[in-house]
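Excluded from the calculations below are hydrogen atoms, water molecules and symmetry mates; all remaining heavy atoms, backbone and side chain alike, are included. Below, chains carry the letters A, B, ... as their sequence lines are ordered, and counting in each starts from 1. Everything quoted here is computed from the prediction, not taken from an experiment.
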Number of protein chains: 2
Amino acid sequence: MAQKNVLKYVVLGLLSHQDLTGYDIKKLFEGELGDFWYSNHSQIYPELKKMVESGLISAYDDTVGQKMTKTYYTIQPQGKAELADWLKEPLNALPPTRDEFSMKLYLLNDVNDPLIKKLFAEEIARHEEKLQYLQSRWKLLFTAKAEQKKHYGHAMILRQAIRREEWRLQWLREEQAKLEE
Amino acid sequence: MAQKNVLKYVVLGLLSHQDLTGYDIKKLFEGELGDFWYSNHSQIYPELKKMVESGLISAYDDTVGQKMTKTYYTIQPQGKAELADWLKEPLNALPPTRDEFSMKLYLLNDVNDPLIKKLFAEEIARHEEKLQYLQSRWKLLFTAKAEQKKHYGHAMILRQAIRREEWRLQWLREEQAKLEE
DNA sequence: CACTGCATGTAAGGCGTTACATGATTGA
DNA sequence: TCAATCATGTAACGCCTTACATGCAGTG
């Protein structure tokens with residue numbers, strides 16, 4: 001029942017490039033990758049343990065400083081196989097979008113309600129901030145064209161996120177302009 | 001703990017225009033509204049009961065045919081107040097996006113992997129289908145300009161959904177073209 | 001008379017968020 | 001030394017999906 005455990009495959013995918021700790025994965029989700037997938041550490045750590053138990057990955061410890069141990073995870077053949085299967089499978093049905101901003105607009109429903117203008121201003125500010133962050137990341141990582149080819153997937157999702165924000169802003173500003181008439 | 005119960009406010013918003021049955025609400029979610037909010041009937045019916053208990057809405061029955069009873073719900077003053085409060089509140093933080101398509105691309109990471117082309121073809125087909133449906137709805141509902149003004153919220157979210165699909169398709173086709181080089 | 005849609009409900013269980021918890025390391 | 005970050009865990013709980021269930025109404 002319920003949803004598919006996509007986090008498992010995401011983790012397998014990340015580990016297929018290099019060994020990582022749970023904390024590393026958490027940090028990845030806090031960067032641009034988080035624009036497309038995110039999980040809290042409280043979900044990541046138990047998931048990693050489950051995956052070790054089922055033989056998809058293995059674990060080894062490393063010591064930092066005097067006492068602290070980090071646990072790195074390595075993908076196992078069985079894990080590689082499951083990852084390859086998942087990548088081959090057709091995409092799952094799109095999950096429903098739940099967009100609070102749009103719902104509020106829909107429910108207000110009266111062009112003259114002053115709350116509508118406030119909503120647009122708020123939403124535009126949010127997306128402007130996001131866009132700036134993404135653009136700074138692009139500059140930092142992919143100014144060199146060679147990097148774009150080397151990290152195809154990464155460059156592509158970052159481009160996509162930037163375009164998404166640009167388009168959203170464009171739409172928001174158009175609708176906002178209509179309100180002024 | 002956990003998320004906010006937005007469904008409650010969505011239901012209040014829908015009931016603020018007219019009395020509806022649980023089934024009516026379910027049907028609304030299956031139309032364009034479902035592009036921005038969706039719940040299964042197994043969530044809607046219990047939620048309505050809870051809302052009656054807490055005094056936000058009231059219920060009355062109507063008989064259809066010989067035996068079948070439908071239950072309509074009416075918004076109460078307390079419900080109107082809570083709805084107004086919610087509409088005034090600033091937007092909640094954006095929930096994380098979880099996009100399986102983009103994750104697969106990110107993880108494949110090799111421009112030459114034949115799976116990438118397959119993925120694009122699949123995703124493009126999905127969005128083309130969606131766009132066609134949305135465009136047919138727009139024609140049906142809002143060819144008359146007067147309707148656009150009368151149902152501001154509805155027209156707006158439909159326009160937004162159409163634009164979203166157009167842009168997504170544009171991006172997908174651009175990336176697809178790049179793969180051919 | 002059969003089939004599609006109307007209409008309403010409950011149950012099981014996974015996914016995800018928020019909160020609670022602890023301790024080590026590093027750099028200012 | 002003090003704060004921020006590294007690093008890892010558990011617990012509670014709500015949201016949401018999937019599945020199971022039942023029966024009436026209207027149309028061909």
Do the two ring centres, one from B:His154 and one from B:Phe142, sit under 6.0 Å apart?
yes
On the 0 to 90° scale, with breaks at 30° and 60°, tag the B:Phe120-B:Phe101 ring pair as parallel, tilted or perpendicular.
perpendicular
Given atom [atom1] of [X] and atom [atom2] of [N], what is their separation to the nearest angstrom?
X: B:Lys70; N: D:dG23; atom1: NZ; atom2: C1'; value: 16 Å
X: B:Leu48; N: C:dA7; atom1: CG; atom2: C1'; value: 13 Å
X: B:Glu47; N: D:dG14; atom1: CD; atom2: C1'; value: 11 Å
X: B:Tyr73; N: C:dA7; atom1: OH; atom2: C1'; value: 11 Å
X: B:Tyr45; N: C:dA7; atom1: OH; atom2: C1'; value: 5 Å
X: B:Glu100; N: C:dC15; atom1: CD; atom2: P; value: 13 Å
X: A:Lys49; N: D:dA11; atom1: NZ; atom2: C1'; value: 15 Å
X: A:Asn40; N: D:dC13; atom1: CG; atom2: P; value: 18 Å

Side chain of [X] only, heavy atoms from C-beta on: which candidate in [options] is closest?
X: B:Lys67; options: C:dG9, D:dC15, D:dA25; value: D:dA25
X: B:His41; options: C:dT10, D:dT8, D:dA25; value: C:dT10
X: B:Met68; options: D:dT8, C:dA24, D:dA25; value: D:dA25
X: B:Arg98; options: D:dA25, D:dC6, C:dG16; value: C:dG16
X: B:Tyr23; options: C:dA7, D:dT18, D:dC6; value: C:dA7
X: A:Gln66; options: C:dT25, D:dG26, D:dT17; value: C:dT25

Return the 5'-most residue of the pair B:Gly22, B:Pro95 with respect to DNA chain C, ranking by each residue's nearest nucleotide.
B:Gly22
With nearest nucleotides of DNA chain C determined for B:Asp24 and B:Pro96 from heavy-atom distances, which residue corresponds to the more 5′ nucleotide?
B:Asp24
From CD (B:Glu147) to CH2 (B:Trp138), nearest 0.5 Å
11.0 Å
On the nucleotide [N], are OP1 or OP2 found under 4.0 Å from the side-chain N or O atoms that [X] carries?
X: B:Lys26; N: C:dT8; value: no
X: A:Lys4; N: C:dC15; value: no
X: A:Thr21; N: D:dT8; value: yes

Flag for A:Thr69-A:Asp61: side-chain donor and acceptor within less than 3.5 Å:
no
A:Glu47 and A:Asn5 side chains, donor-acceptor separation under 3.5 Å
yes
Donor/acceptor link under 3.5 angstrom from A:Ser42 side chain onto base of C:dT18:
yes
Walking DNA chain D from its 5' end, the first of A:Val64 and A:Gln43 to be reached, judged by nearest nucleotide, is A:Val64
